[in-house]
Amino acid sequence: MPPDARILIVDDHQDTLYALESALAPLGYRLARATSGDEALKQVLRGQVGLLVLDVRMPGVSGLDVVRYMRRLEQTQHIPVLLLTGFGPDHELTSAAFDLRVADLVMKPVDPWALRTKVRYLYDAHQRQLALEHEVRALRALVKDPGDIAATRLPVPVPDTRVPVQRDADPRPTGPTTPKAS
């Protein structure tokens, strides 16, 4: 998946899509939209989705159905998903969502600040994970063929020149102590 993968917003109501796009636009990520579970699956399978913000209850293919299908495929099983629901707390839904390794279940109406925080964290963490996996593959290729160092394009690590903060291991005073007078 490219580093500029999109955040796919899926809801069957246009006004909700607009509100979610407006809430997420300040993050600066590329956004895409879908109005059905089928359309969402098509976009996810094209390989350009880095995070899914997905309504649970939609006609036809539900949000949970989309996640079930994604988790069965190697190429999509690790894409983070935020599920949205407007029907309040539901134990069965919560249990099903977390059994499918959904990152979070968000209640509508959505708080834009909370949504941005969750999306930023999940998207960035997923991108870092993908970058680490790419680096591991490059290092494994280097170990297999040490003569082809230029082909791996590994970044040169920059040493950390900061002086670490020194802290006492035991903050209690040393030496004899005298009892305080009451």
Quiz item: Tell me, which pairs form a ring-ring contact (aromatic ring centres under 6.0 Å, His included) where one or both residues lie in residues 17-46, sequence neighbours left out?
Solution: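 Applying ring-ring contact (aromatic ring centres under 6.0 Å, His included) to every pair that reaches into residues 17-46, excluding sequence neighbours, yields Tyr29-Tyr123.
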How many angstroms lie between atom [atom1] of [X] and atom [atom2] of [Y], to the nearest 0.5 angstrom?
X	Y	atom1	atom2	result
Leu64	Leu54	CG	CG	8.0 Å
Glu21	Ile9	CD	CD1	5.0 Å
Arg57	Leu93	CZ	CG	5.5 Å
Leu41	Ser36	CG	OG	8.5 Å
Ile7	Leu20	CD1	CG	11.0 Å
Leu139	His134	CG	NE2	9.5 Å

Quiz item: Between Asp11 and Arg33, does at least one N-O distance fall below 4.0 Å, as a salt bridge requires?
Solution: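 Salt bridge between Asp11 and Arg33, a charged N being under 4.0 Å from a carboxylate O: no.
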Quiz item: Can you tell me if Arg71 uses its side chain to pair, donor with acceptor, with the backbone of Arg101 under 3.5 Å?
Solution: yes
Practice problem: For the pair Ser95 (side chain) and His91 (backbone), establish whether a donor and an acceptor sit closer than 3.5 Å, ignoring hydrogens and angles. | Solution: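 It does not hold such a pair.
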Quiz item: Are side-chain heavy atoms of Leu8 and Leu52 found at a separation under 4.5 Å?
Solution: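 In short, these two side chains touch, coming nearer than 4.5 Å.
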Practice problem: Apply the test side chain to side chain contact (heavy atoms under 4.5 Å, CB included) to residues Val67 and Val81: give CA-CA distance (whole Å), side-chain angles for both, the deciding distance (0.1 Å), then the verdict. | Solution: CA-CA 8 Å; Val67 179; Val81 176; 3.8 Å; yes
Practice problem: Check the surroundings of atom CZ in Phe98: do more than 12 heavy atoms from other residues, nucleotides or ligands lie under 6.0 Å from it? | Solution: yes
Practice problem: With sequence neighbours excluded, tell me which residues meet side-chain contact (heavy atoms from CB on, under 4.5 Å) with Glu133. | Solution: Gln129, Leu130, Arg137
